[in-house]
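Comments concern the structure below.
Just so we're on the same page: letters track the sequence lines, and every chain starts at 1.
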Amino acid sequence: MPFKRPAPLPSQSESQSSSSANLLSGSSKRPRLSPPPGKALPNVKLFIVQAKLNTSAISELFGLAEQHAKRLCNKPEDADVIVTAIGMRRRLERHIPWELAKHKAVVTPQWLRDSVKNGSSLPYDNYIAIQDLQDTIVQNCPECNCKPCACSPSSTSSYASSSLRHSQESLASATSATSPPTAIPAYLLPPSPPLETDITKLDYTSRYACQRASPLVCPNQALVHELDIIRQSRALEGEVRSALSYARAVSALKAYPHKITSMKQVEKLPYIGTKITGLVEEFIDGGHINEAETIRSSVRFQALSLFSSIYGIGPTTAQRLYDLGLRSLDELEVYYGVDSKTQTSIDSGIVEVEKESKRRHAKDEGDEGLGDTWIKIALGLREDLAIKIPRDEVEEMGRVVMRELDQLEHGCVSTIVGGYRRGKPESSDVDMVFTHPDASKIKGLCKRVVQRLHEGGMVSHVMHLSGFHAHNPLRTTHWDSLEKSLTVFILPPSSTFYRGTRRRLDLIFSPPELYWTAVVGWSGSIMFQRDLRQWAKDKHGMKFDSSGITRRYDSKVFFPKTEKEVFDLFELEWIDPTLRNADA
DNA sequence: TGGCAATACTG
DNA sequence: CAGTAT
DNA sequence: GCCA
């Protein structure tokens with residue numbers, strides 16, 4: 001596209017999932033077996049650090065790994081051998097925790113090439129990538145010259161470890177491409193040395209969440225939880241404005257970097273007015289907030305929360321149901337007439353939702369025709385959808401989707417956004433933003449992938465589908481060309497992560513010029529997002545919505561070429577996604 | 001006292 | 001338009 | 001419920 005990167009900087013990123021590794025790993029249901037004979041490294045689990053490699057080297061190495069190694073890992077902790085072109089410790093540490101690296105064989109790309117040529121694993125000695133590691137590695141596996149040295153620990157503990165380290169980068173971006181073989185333009189890949197957030201330039205007293213660093217967990221988390229209860233209650237009761245105020249107070253507190261022990265500290269914080277100041281004070285001396293406790297234990301609050309946890313039921317419907325005297329899910333099911341049999345049949349079948357309720361018989365509906373088929377289905381899904389998704393599984397879902405997508409259109413790029421990208425150890429759903437270097441390949445892709453996933457038994461429900469909105473007809477290339485689909489997804493049984501749990505999966509397809517705008521837009525958190533838009537409007541007279549950034553007075557459209565350019569455009573300091581957790 | 005993000009879809 | 005969802 |  002426009003700018004070309006000076007150097008051959010490619011991508012990196014751990015969660016650099018997919019790539020060809022999984023592309024070959026068999027199509028979901030087909031019982032793939034028989035690892036091709038003649039592998040040079042049949043027992044080696046490899047991880048490739050992409051940083052400092054150009055795209056052709058990446059595809060070469062991925063190709064070799066995929067063909068000759070036992071496995072090409074997505075996470076360094078799963079691997080025995082780490083291949084990297086990086087030579088300095090400091091730099092490597094940006095991609096792999098030092099503690100982890102010390103327990104692995106960290107070697108140069110040449111090791112892989114030579115080993116393959118040699119037909120079997122060569123000693124690491126001559127290929128040590130980092131000088132500081134020389135001793136460790138050698139002593140780490142004294143005798144295994146050729147054997148892949150399963151002696152290094154780790155590899156099993158992948159799970160927990162990756163969830164716990166929400167330390168900036170490393171888990172930052174989960175961008176992946178379906179390529180290697182085809183080069184992907186650099187501007188669609190995440191920056192090679194991940195950007196660092198300069199906390200000192202941020203200001204926790206700012207009125208805008210997009211100027212504050214908000215970690216996943218803050219020093220005043222307990223207080224935040226209390227206030228968030230009140231916020232939820234306000235929202236459920238339909239007091240949206242009040243709820244907004246609590247949400248803002250919460251996000252201001254999330255960015256305050258010290259434990260609050262005196263009211264003096266609070267004075268400088270925005271959005272803490274008379275009412276909330278009182279609540280904070282109460283919390284400081286009592287360790288809790290009375291109103292929050294009351295709400296928590298209130299039957300009404302519990303019922304309303306429960307009801308609105310069902311997809312399609314919001315505050316209003318929840319209240320109505322409550323007023324009807326309903327209190328539990330069982331009662332809801334009775335109310336909506338869920339034959340516990342109907343439910344299971346709906347559950348296992350690959351049902352198509354969307355515009356189902358055709359049969360709106362002019363028959364009886366007296367009380368209200370609200371509920372209906374749709375809510376029934378949502379009720380059946382609730383149990384599964386209430387279960388959080390661990391990062392590992394989020395990544396697996398990403399790989400599976402990319403694998404299918406690649407078969408429809410090679411060369412796509414994607415980023416897993418949402419809470420996952422902000423570093424949450426568990427997500428309630430998975431959001432993915434996709435694009436393709438060739439804008440013309442995007443249109444209709446969303447629908448096609450969803451259909452393919454559906455046919456493959458991976459998408460059971462489509463809550464809604466939106467396609468091309470040729471708003472500005474006139475020759476318009478891009479613009480409102482964002483497609484999205486909200487689905488219910490289930491991993492194929494062939495996946496090692498398969499647990500039969502249905503998950504919410506949102507897919508967003510964006511033309512390449514709008515990719516980074518979309519990624520920013522979908523990375524959240526909600527308050528961060530709102531304030532970003534607010535800031536854009538207040539300070540720059542720009543409109544920032546799901547389909548792009550435009551200047552209000554002349555409607556000029558902007559196409560940031562990187563995520564950081566979005567921040568630059570708005571004159572904001574860069575904030576890593578893991579510091580955009582402005583919600584409770 | 002007005003404004004609080006901004007849209008898309010369904011009924 | 002109200003309600004829900006992103 | 002808070003702010004300009």
Side-chain angles (χ1 to χ4, degrees), chain A residues 205-210 227 230-231 233-252 266 269-280 291 307-321 353-358 360 365 368-375 378 385 417-419 428-433 462-469 471 479-480 482-487 504-508 517-518 520-538 542-550 552 582-583:
Chain A
T205 69
S206 168
R207 311 241 163 350
Y208 296 87
C210 52
L227 290 175
I230 305 182
R231 196 221 88 224
S233 171
R234 296 290 187 272
L236 289 169
E237 299 294 351
E239 298 164 45
V240 281
R241 304 310 172 187
S242 180
L244 178 57
S245 282
Y246 282 95
R248 291 197 151 130
V250 161
S251 80
V266 174
L269 301 185
Y271 303 110
I272 312 286
T274 18
K275 175 73 183 289
I276 297 182
T277 295
L279 298 175
V280 173
E291 186 176 355
F307 295 168
S308 60
S309 74
I310 287 134
Y311 192 92
I313 296 184
T316 306
T317 309
Q319 284 186 57
R320 242 198 39 239
L321 297 170
V353 183
E354 217 191 332
K355 52 206 44 198
E356 66 319 299
S357 56
K358 289 307 177 194
R360 203 66 284 223
E365 64 290 285
E368 69 279 336
L370 213 159
D372 78 81
T373 345
W374 206 72
I375 302 288
L385 300 190
V417 289
S428 48
D429 65 9
V430 176
D431 309 290
M432 295 181 74
V433 174
V462 181
M463 329 298 271
H464 141 274
L465 243 173
S466 111
F468 28 92
H469 288 241
H471 257 190
W479 203 211
D480 216 301
L482 230 75
E483 295 186 73
K484 84 175 165 186
S485 187
L486 318 181
T487 73
R504 281 278 291 103
L505 169 70
D506 294 347
L507 306 96
I508 297 94
T517 302
V520 172
W522 284 81
S523 289
S525 61
I526 291 173
M527 273 313 300
F528 190 92
Q529 195 53 34
R530 284 181 158 194
D531 281 353
L532 191 54
R533 293 174 178 212
Q534 192 69 51
W535 172 273
K537 184 205 265 191
D538 293 350
M542 308 262 245
K543 184 160 77 92
F544 184 175
D545 63 40
S546 52
S547 48
I549 298 170
T550 52
R552 307 196 95 137
D583 295 340

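- For the C1' atoms, the distance from dA5(C) to dA5(B) is 14 Å, rounded to whole Å.
- Here the options are D531(A), I276(A), I272(A), the test is side chain to side chain contact (heavy atoms under 4.5 Å, CB included), and the partner is R248(A); only D531(A) passes.
- For D431(A) and dA5(C), the CG to C1' distance is 12 Å, given to the nearest whole Å.
- Spacing between atom NE2 of H464(A) and atom C1' of dG3(C) amounts to 15 Å, rounded to whole angstrom units.
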Write out a two-atom table: protein N or O, nucleotide N or O from nucleotides 2-4 of chain B, distance below 3.5 Å.
unit_1 : atom_1 : unit_2  : atom_2 : d
dC4(B) : OP1    : K537(A) : NZ     : 3.3

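- Going from atom CZ of R320(A) over to atom P of dA2(C) covers 16 Å, rounded to whole Å.
- Using a 4.0 Å heavy-atom criterion, one finds that L227(A) contacts no nucleic acid atom at all.
- Taking the six-membered ring for Trp and thresholds of 30 and 60 degrees, W374(A) and Y311(A) have ring planes inclined between 30 and 60 degrees apart.
- As rounded to whole Å, 7 Å separates atom P of dA5(B) from atom CE of M527(A).
- Nearest nucleotide to the R552(A) side chain, out of dA6(B), dA8(B), dT6(C): dA6(B).
- Within the 4.0 Å cut-off from OP1 or OP2 of dT7(B), not a single side-chain nitrogen or oxygen of S547(A) is found.
- Residues L279(A) and E291(A) share a closest heavy-atom pair of CD2-OE1, 4.4 Å.
- Taking CE of M527(A) as the start and OH of Y208(A) as the end, the distance is 11.0 Å to the nearest 0.5 Å.
- For P270(A), the side chain to side chain contact (heavy atoms under 4.5 Å, CB included) criterion is met by R212(A), A252(A), not counting sequence neighbours.
- Here the OG atom belonging to S251(A) is positioned 10.0 Å from the CZ atom belonging to R530(A), to the nearest 0.5 angstrom.
- Within the nucleic acid shown, D531(A) has no heavy atom closer than 4.0 Å to any nucleic acid atom.
- Note that the first and last nucleotides of DNA chain D, 5' to 3', having any atom under 4.0 angstrom from a heavy atom of chain A are dG1(D) to dA4(D).
- In this structure S233(A) satisfies the side chain to side chain contact (heavy atoms under 4.5 Å, CB included) test together with E237(A), I295(A), F301(A), sequence neighbours excluded.
- If you take CE of M463(A) and P of dG11(B), they are 13 Å apart, rounded to a whole angstrom.
- dA8(B) sits 29 Å from dG1(D) when the C1' atoms are compared, rounded to a whole Å.
- Taking all atoms of both residues into account, the shortest heavy-atom contact from Q319(A) to L236(A) is NE2-O, 3.1 Å.
- At whole-Å resolution of the value, CH2 in W522(A) and C1' in dT7(B) are 10 Å apart.
- Nucleic acid contact class of S308(A) (heavy atoms, under 4.0 Å, all strands): none.
- The side chain of K543(A) lies closest to dT7(B), out of dT7(B), dT6(C), dG3(C).
- Between R504(A) and dT6(C), a side-chain N or O to OP1/OP2 separation shorter than 4.0 Å is present.
- Scanning for salt bridge (charged side-chain N to carboxylate O under 4.0 Å, His left out) contacts around R504(A) gives D506(A), with sequence neighbours left out.
- If you take CD1 of I526(A) and P of dA6(B), they are 15 Å apart, rounded to a whole angstrom.
- Backbone-only contact: I276(A) has heavy atoms under 4.0 Å from sugar-phosphate atoms and none from a base.
- Spacing between atom CG of L532(A) and atom P of dT6(C) amounts to 20 Å, rounded to whole angstrom units.
- Under 4.0 angstrom from either OP1 or OP2 of dT4(C) there lies at least one side-chain N or O belonging to T316(A).
- Residues that satisfy the side-chain hydrogen bond (donor to acceptor under 3.5 Å, both in side chains) test with Q529(A), not counting sequence neighbours, are absent from this structure.
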